[in-house]
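Here the structure is laid out as structure tokens; the discussion comes afterwards.
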Amino acid sequence: MADRLAPVTDLARTRPLLLLIDGHSMAYRAFFALPAENFSTSTGATTNAVYGFTSMLANLLRDERPTHVAVAFDVGRTTFRTEQYPAYKATRDATPEEFRGQVPLIKEILATLRVTTLEKEGFEADDVIATLATRAVASGMDVLVCSGDRDALQLVGPEVTLLYPRKGVSDLVRFTPEAVEDKYGVPPGRYPDLAALVGETSDNLPGVPGVGPKTAAKWITAHGDLEAVLAAAPTIKGKAGENLRTHLDQVRVNRELNAAVRDLELPVTVEDLASQPWDREAMHRVFDALEFRTLRERLLAMVPDAEDDAAAFDLEVVAAVPGSLGTWLAERDGRTVALEVSGRGNPTGGDAWTLALADGTQQALVVDLTDLDPQDESTLAVWLADGAAPKAVHGAKSAVHALGARGLDLAGVVFDTLLAAYLCHPDQRSYDLGDLAVRHLRRELRAESASGDGQGALDLDLDGGGVETGAAVRAAAVAELVEVLRGELADRASGGLLADLELPLVQVLVGMERTGIGAAGAYLAELEAHFAAAVADAASEAYAVIGREMNLGSPKQLQEVLFDQLGMPKTKRIKTGYTTDAAALTDLFERTEHPFLAHLLAHRDASRLRQTVEGLIRSVAPDGRIHTTFQQTIAATGRLSSTDPNLQNIPIRTEAGRRIRRAFVVGDGYETLLTADYSQIEMRIMAHLSGDEGLIDAFRSGEDLHNFVGARVFGVTTDEVTSAMRSKIKAMSYGLAYGLSSFGLSKQLGISVAEATALMEDYFARFGGVRDYLAGVVEDARRTGYTATILGRRRYLPDLTSDNRQRREMAERMALNAPIQGSAADIIKVAMLGVHRGLAQEGLASRLLLQVHDELVLEVAPGERAAVERLVRDEMAAAATLSVPLDVSVGTGRSWHDAAH
DNA sequence: CGTCTCACGTA
DNA sequence: CGTACGTGAGACGT
């Protein structure tokens, strides 16, 4: 009786718990429960089943805390059951293509979680589960079976519970023996008897007509089991009894087929299924690829620190006392010191509070920048600005901004773990230092046993991970990552890209961000008022047409008005109904001439322009200039991007839009803005990379590119190329660099697919080198796994070998475009370095302000216009030696608009 | 309040 | 069913 004193829950917890999941059935449920269109990656892969399954698994791991886990899968469609009874499951629809591709992904995730997956040729997942459940019970374990197959009900017993999905995959019903009996009127062991009588439509097993679960349960209860029911069949009365007698054979077949096999030979024992530490690096890789951010967080959040396999940093943290900094640095003279700045690294309003230095040997020095002894301050300033004192940092640009705010220059940065990680894996969305530490060092960003050495003036919060310790740990992580990432970069032959391109570019970008571009504040305010008035006018006219007010900016409300209320023809389908984008509205207007559409389009245009202007006004800094931030590690192709505000998408195509460009003006003390852009750089790179003689001739001839190509394709002279012909050729030439299909070309040009195909064939007949090059790029990338630019910048495209067509074709288009867009990015970065260096060398006061992918914007100091133009033309043209010239066009003017050409 | 979707600007 | 980005409004779920 003594054991009755112990709480039942504690007793239960002492027994091991095995979780067995029917992978196929649960994934299939998830596939239909979650709308596919809400779960696709940026590369177009559908992931709804993967998401649903993994989410369910995460919940089970959290709520049930199993000690052992396994997932069983079906192998193919043929099993011993289909051999025996060909009709078994014969009515099932073919598995959707979208679903099949997801099963391997689920297995990948399970592998990272170190969950055993099992499958057995000729058997179903249920048989594997039945076998394991039986063995687990025999060895004293409790078992949870998770399956959407009702046949699993027969496994339920005192130690075995079935979790059966009621709806979707998150709402699971818990079938204990009592629950089974409540619901079906028979104990779990008799459930197959009941199912044999009732039949199972989903397995294509017909039951006895007129016999449902109630009758079947009544008979089984009355006679004991199925055998007894069958034996008593002659005496059972009524229509049901008659039907039973004519279906005895079918019932026997059913009973044979629905019996789970409990003694399969399996390559593992139940003990082998014990939970193991997760492969966190692989998890990050797989979850990154699937773009499951929150799901990864949910899983990682479940790992208690004690079970965490990732170690922390074993670090001695020393707080700098007056005079100690110089000694510490001197002791490490010539060695690369990793540094971490805590603060804000914005171009304006930056600040730095703490600086941590680490040398990669478990010691870190923490310096409080807000309370520095004058002597130390000068020691630090000299060391930081010393280009010969090698340093490593995670995110050099932010560090320069942060330190710069305290008047400290940073030079001598020989390694940047952020840039290095980007060059190695340019497709990731973030390169958080903590993630890199886990991935490459298998460490968490926390201190194992931090300690001061007695001389510390700072009161370090060692256990709680205060600012100082945090900075020290990050610096230590940087120091260690340098070694690892240097190796990874070398493996990719990309060390030069970091040292000679991206790192030197940091200082150029810092200068551009810090300088900003002049903004005409009063003019911007006028523009805002002007566009706001246009918005109001368009809105009131639109309301007048439909006789009521509405939110014209709401796609949802617009759909109601256009398609329900006004009954307009349906446009292209999107997730949430029908598109109301400008192309569709313009098309609708041409067909219906409904005035509402014209007002709506005018409203769209005006409110967009107003919104752009408002954003710019908000961005004007106290110095009257706009300071964007150039992101150096975002675009997978190697381009820069611009944020806060984005100055790479300022309107230019429409007159109204160009008015916004007039707001970007030359600053006080400068003479003019100068813009310089590469003409047709992507097509020139295409000519170079493909080596196509025709295309190379086109650029060497000095003829208009599209006229030249058009003349060849259409077999006319260049002056016979009509503007219609020219625009077709232009669309096609650029489309090729994006992986355009004949379908896409036909849509864009409004011609038939056949015409588009013919046009492409004519094109390739004259420019065969282009076709061969494009085919070769994809082939090479499929073989090597990556594409490369002219400077060797790589982009890895694992999806090129995907079984999923959508995914594979997306990767193919990326492979076509990456070398071209990426080489253009390489070239303009080289040009920026050249221009920056040239300006300094020639002692010019003019400066770089912006980069817009193929264009540079400079602010020219008085009297330097000619020198700067020459310098910029030379440096941009000389940035790469291609088999075609790099043509640069230059314009100057008081505003960005006036400097256009 | 955070996250997603749509729409749309640039190269 | 043409690549690469960033932003803001509305819608939606927590």
Round to the nearest Å and state the distance from [X] atom [atom1] to [N] atom [atom2].
X       : N       : atom1 : atom2 : answer
Q851(A) : dT10(B) : CD    : P     : 17 Å
H853(A) : dG9(B)  : NE2   : C1'   : 11 Å
F292(A) : dT3(B)  : CZ    : C1'   : 16 Å
N646(A) : dT10(B) : CG    : P     : 11 Å
R658(A) : dG9(B)  : CZ    : P     : 13 Å
L601(A) : dA7(B)  : CG    : P     : 12 Å
N649(A) : dA7(B)  : CG    : P     : 18 Å

**Members of residues 602-611 of chain A that approach DNA chain B, where some heavy atom sits under 4.0 Å away** =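 Within this stretch, R604(A), R608(A) sit under 4.0 Å of the strand.
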Output side-chain donor-acceptor pairs under 3.5 Å for residues 724-731 of chain A, partner residues at least two apart or in another chain, one line each.
from	atom 1	to	atom 2	distance (Å)
R726(A)	NE	D704(A)	OD2	3.0
R726(A)	NH2	D704(A)	OD1	2.9
R726(A)	NH2	D704(A)	OD2	3.3
S727(A)	OG	S723(A)	O	3.4
S727(A)	OG	A724(A)	O	3.1

**Message:** Let me check I have this right: for DNA chain C, each base becomes ., (, ), [, ] or |, based on Watson-Crick or G-U pairs with both distances under 3.5 Å. What is the full string?
**Reply:** ..|||||||||||.
**Request:** Using a heavy-atom cut-off of under 4.0 Å over every strand shown, decide if R795(A) touches base, sugar-phosphate, or nothing.
**Result:** sugar-phosphate
**Prompt:** With a non-hydrogen cut-off below 4.0 angstrom, is L736(A) in contact with a base, only sugar-phosphate, or nothing?
**Reply:**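 Counting heavy atoms under 4.0 Å across all strands, no contact is made by L736(A).
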**Prompt:** Quick one: does NZ or CZ of R548(A) land under 6.0 Å from the six-membered ring centre of Y543(A), within 45 degrees of the ring axis?
**Reply:** no
**Prompt:** What interatomic distance, in whole Å, is found between C1' of dC4(B) and the corresponding atom of dG2(C)?
**Reply:** 24 Å
**Prompt:** When you list every nucleotide of DNA chain C with an atom under 4.0 Å from a heavy atom of chain A, which one comes first 5' to 3', and which comes last?
**Reply:** dC1(C) to dC12(C)
**Item:** Given DNA chain C, 5'-ward residue of the pair P555(A) and A731(A), judged by closest heavy atom
**Value:** A731(A)
**Asked** About how many Å separate CZ of F764(A) and CG of L759(A), when rounded to the nearest 0.5 Å?
**Response** 10.0 Å
**Request:** State which residues pass ring pair (Phe, Tyr, Trp, His ring centres under 6.0 Å) with F287(A); sequence neighbours excluded, sorted by chain then number.
**Result:**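 With neighbours one apart ignored, the set is empty.
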**Asked** Any ring-ring contact (aromatic ring centres under 6.0 Å, His included) pairs touching residues 787-818 of chain A, not counting sequence neighbours?
**Response** Y786(A)-Y796(A)
